[in-house]
Amino acid sequence: MEERKRHIVYALILVLSLIILNSCTGQEKTEVKKLDIKAYLDLADKDTIYPTDKQLAMLKEVMPKEAFQPAPKISNRAYWKGIAETTSGKEYLTKALELLDRKPEVPITDSIYRLANKDGNRGIYKPRYYRTMDRLERFILAECIENKGRFLPQIETYSKAIMSMKSWLHPNHDDEYNGVLEGRRISIDLGARKFGGVLALAENLLEDKLPKSLRDDIHVQLQKRITDSYLKSTKYLDENNKWIKSTSNWNSVCTSGTVLTTITSSESYEKRLATVGSALNSMTYYLSGFGDDGYCSEGLGYWGYGFGHYLYLAQILHDYTDGRIDLFTFNNTEKMKNVGNFPEGFEIQKMVCSPFSDGVSSISRKGSNFADVLSAEYYGAIMPTEIRMEEAAEQLIAWQNPEMFQVADTSNTSQLPDHTYFNDFGMVISRGKQEVPFSIAVKAGHNAENHNHSDVGTYSLVLNDEIIAGDIGAPSYRAGSFSPDNKARSSWGHPVPRINNTLQSNGIEFKGIITGTNFKDKMDEVVIDILPAYELSMLQSLERTVTNDKFGKGTITIEDHFIATEPVSFGSAIMTLNVYEIMDENTVILKTEYQKVKAEIRSEGFEFRIKDELVPVKHLREGGPAYKIGIEAKNLTEEGILRIIYTPFEK
């Protein structure tokens, strides 16, 4: 009897031990072992993007063996019926039904492809590409919502049309000999990455709703056109995917699409592992394009496009690894927060910002605001009052994270400070606080920035909600728009000095340096050394001083002071997209529909003449026409000062 009691006690002890062990094991399973990204990056090979053996070993500890599931499959009817009951689900389905009878607009003919490649004419191909992709991804999600088979024929037709394309590239991203079109190489660009992502969603979500032969064809093409092309370039940086070491939006956009495609569709764990590992290494280059203060030299539009896709990449890797890979903080929490809050700091006033480089001039952008939503979630940025999405991948995240996409009831704009100083790139916004605010944004920067315009010292002058003078923005993307001879892209088309008829040079060493700032309640002053932007050996100094006198209606002065070892010619300009009138040899009136600003021109050391001319660029993003009101010295001199004094007055 005693023996039996002992066995019972031992059994109870064993059971309790197992319970405790299982409990401890369960606790260990719930603990998230996050990837130490700093340690991971320290193990990278500086010459390649492909992860090292030690990096791969770290990734294996945090990445699942299974492929990524971007959303529940169509067979999960409980989930998709839930989506069908939501407002966004109903709207999504309605829009898809409106498009159901549309035919795919690809492939385009080889002749159109070659013509677009040669002339840079995006209008004859880009809308066709994107309309085709947008419809297909909408059909895919609509079929998941409805599950009636109505969209399946079009999904099959569209998928086959896309796979029949010889090249998934925008034609102007092919080489001049059309190497991708002719099958000599395979490359990924802004279009190809989306073709890949859309087909990956079709293969993954629709399961056996699609014929096996079609799913097999999709699978083969995705491996060839996306995964294998990418991994080859990460090992040996070739001509195909040079963007993997880029600091521009291309890197984040193409990388996010490549990662989505690969981790969703590739059967190889090693390829999925290497793709994610390469993406982490590649993102160090992309993020290095931002200042630690969050400044985006590409402008606000490309912040939304590029950083939006970075945040999409961050979200899918977060979901894929249960939070073990955290790109939201990456290896610099403070910098990432600053980048996420860039739009608010970049605003001049009244939802207006400067169109420096190829940027936009409005905070209230069209298109996707996915970047704003995720920045609000992860970086405390202002939540938008509406949700705008352009890609199915964004919509899937929104449906799976509805609480993240709850819009603000009212606009929660904060009071902008009197000034903002992005000191990493050298950009200052001085804001007037008058009843009709008169403000200026001015930048030093360097002439190797993304979408560079050779514009060290450029500025934007804003009265109320209108840009009055300064930077005229970017030429529209078409043939010749990226040529250094395009006058809207060179310093010729910017309000900066021209000495001895010489423009600014291109390269990171040709820069401006903010040498002094003085910010007061009623007066801001910024001093910029712009001498390094020019290759002129006789020039000893060239300094631009910007003063914003905030008394009364406000006065903003642009002063250029130069000293040379020999007599030189000097010129500068007032650039504007507005109507103007040259009143006399010293005065120009700049006019909008409701406002006027007087520009008084004064000089020391030389006399000048005013010579206005039309900017010879027909297509500008900010509209047009644009005018250059040139200010030219009549005589050579070794030293001189030019002041342009802007003052608003009643119309």
Side-chain angles (χ1 to χ4, degrees), residues 245-248 285 288-293 295-299 302 354-359 421-428 441-460 470-475 480-517 526-546 558-566 568-573 575 615 617 628 630-631 639-640 642:
K245 282 193 173 184
S246 171
T247 60
S248 78
Y285 290 90
S288 71
F290 295 89
D292 284 345
D293 52 20
Y295 186 71
C296 176
S297 67
E298 290 189 283
Y302 281 113
S354 182
F356 293 154
S357 299
D358 286 358
Y421 182 12
F422 293 100
N423 62 338
D424 284 342
F425 275 77
M427 188 269 189
V428 174
V442 59
K443 85 175 186 73
H446 60 75
N447 286 338
E449 295 173 1
N450 290 314
H451 299 272
N452 177 48
H453 279 205
S454 305
D455 58 357
V456 168
T458 190
Y459 60 88
S460 290
D471 205 295
I472 60 173
S481 65
F482 287 96
S483 169
D485 296 327
N486 188 308
K487 290 195 171 183
R489 194 168 288 280
S490 73
S491 58
W492 185 95
H494 291 78
V496 298
R498 184 165 54 159
I499 298 170
N500 276 0
N501 209 32
T502 301
L503 302 178
Q504 293 182 8
S505 296
N506 293 321
I508 196 169
E509 69 273 26
F510 300 104
K511 59 188 177 181
I513 303 169
I514 293 181
T515 58
T517 57
V526 180
V527 182
I528 309 173
D529 177 11
I530 60 177
L531 175 64
Y534 298 82
E535 291 183 276
L536 292 165
S537 59
M538 83 293 294
L539 206 58
Q540 289 186 317
S541 70
L542 178 58
E543 194 171 74
R544 167 161 285 188
T545 301
V546 177
I558 311 294
E559 178 182 292
D560 294 326
H561 181 197
F562 65 91
I563 301 174
T565 58
E566 61 186 59
V568 297
S569 67
F570 181 85
S572 191
M575 306 297 302
V615 175
V617 179
K628 178 175 182 173
I631 305 162
E639 182 175 0
L642 177 71

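The model shown is predicted, which means the values in this text are computed figures rather than measured ones. Throughout, numbering of the chain's residues begins at 1 and tracks the sequence.
- When the shell of 6.0 Å around NZ of K628 is examined, it contains more than 12 heavy atoms from other residues, nucleotides or ligands.
- With 3.5 Å as the limit, one finds a donor-acceptor pair spanning the side chains of T247 and N450.
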Legend entry - Check against side chain to side chain contact (heavy atoms under 4.5 Å, CB included), E543 and V527: CA-CA 7 Å; E543 194 171 74; V527 182; 3.4 Å; yes

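- Atom CD1 of I499 sits about 4.5 Å away from atom CG of L539, to the nearest 0.5 Å.
- No hydrogens or angles considered: nothing links the side chains of T515 and D529 as a donor-acceptor pair under 3.5 Å.
- Rounding to the nearest 0.5 Å gives a distance of 10.0 Å between CG of L542 and CD1 of I563.
- Contact detail for F425 and G291: the closest heavy-atom pair is CE1-N, 3.5 Å.
- Between the CG atom in D424 and the CG atom in D293 there is a gap of 4.0 Å [rounded to 0.5 Å].
- Counting all heavy atoms, side chain and backbone alike, F570 lies closest to P497 at CE1-CB, 3.8 Å.
- Of all heavy-atom pairs spanning S297 and S357, the tightest one is O-OG, 3.3 Å.
- Remark: E449 CD to I508 CD1 distance equals 9.0 Å, nearest 0.5 Å.
- Nearest heavy atom pair, residue P495 against residue M575, reads N-CG, 3.6 Å.
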Inset, instruction - Let me see the working for V526 and I514 under side chain to side chain contact (heavy atoms under 4.5 Å, CB included), right down to the final yes or no. - result: CA-CA 7 Å; V526 180; I514 293 181; 4.1 Å; yes

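- Using cut-offs of 30° and 60° on the angle between ring planes, the pair Y295 and F422 is tilted.
- Scanning all heavy atoms of the two residues, the minimum distance from N500 to M538 falls at ND2-CE, 3.8 Å.
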Legend entry - Candidate pair R544 and V496, rule side chain to side chain contact (heavy atoms under 4.5 Å, CB included), full reasoning: CA-CA 9 Å; R544 167 161 285 188; V496 298; 4.1 Å; yes

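- Looking only at distances, no side-chain donor or acceptor of S491 sits under 3.5 Å from a matching main-chain atom of L503.
- Each of N447, N486, D358 was evaluated against H453; a single residue qualifies, D358, per the side chain to side chain donor-acceptor pair (under 3.5 Å) test.
- Listed for the S248 side chain is no donor-acceptor partner under 3.5 Å among the backbone atoms of S246.
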Inset, instruction - Report the C-alpha separation of V546 and Y459 in whole Å, then their side-chain angles, then the decisive distance to 0.1 Å, and conclude whether the side chain to side chain contact (heavy atoms under 4.5 Å, CB included) test is met. - result: CA-CA 9 Å; V546 177; Y459 60 88; 5.9 Å; no

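- At a threshold of 4.5 Å between non-hydrogen side-chain atoms, the residues F356 and M427 count as touching.
- Across every non-hydrogen atom of T458 and H494, the tightest pair is OG1-CD2, 3.8 Å.
- For the atom pair CG (D455) and CH2 (W492), the distance works out to 15.0 Å, reported to the nearest 0.5 Å.
- Within the model, atoms CG of L536 and CD of Q504 stand 10.5 Å from one another, a figure rounded to the nearest 0.5 Å.
- If you check the side chains of D471 and S460, you find no donor sitting under 3.5 Å from an acceptor.
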Inset, instruction - Could you walk me through whether E639 and H561 pass the side-chain hydrogen bond (donor to acceptor under 3.5 Å, both in side chains) test, one step at a time? - result: CA-CA 8 Å; E639 182 175 0; H561 181 197; 2.8 Å; yes

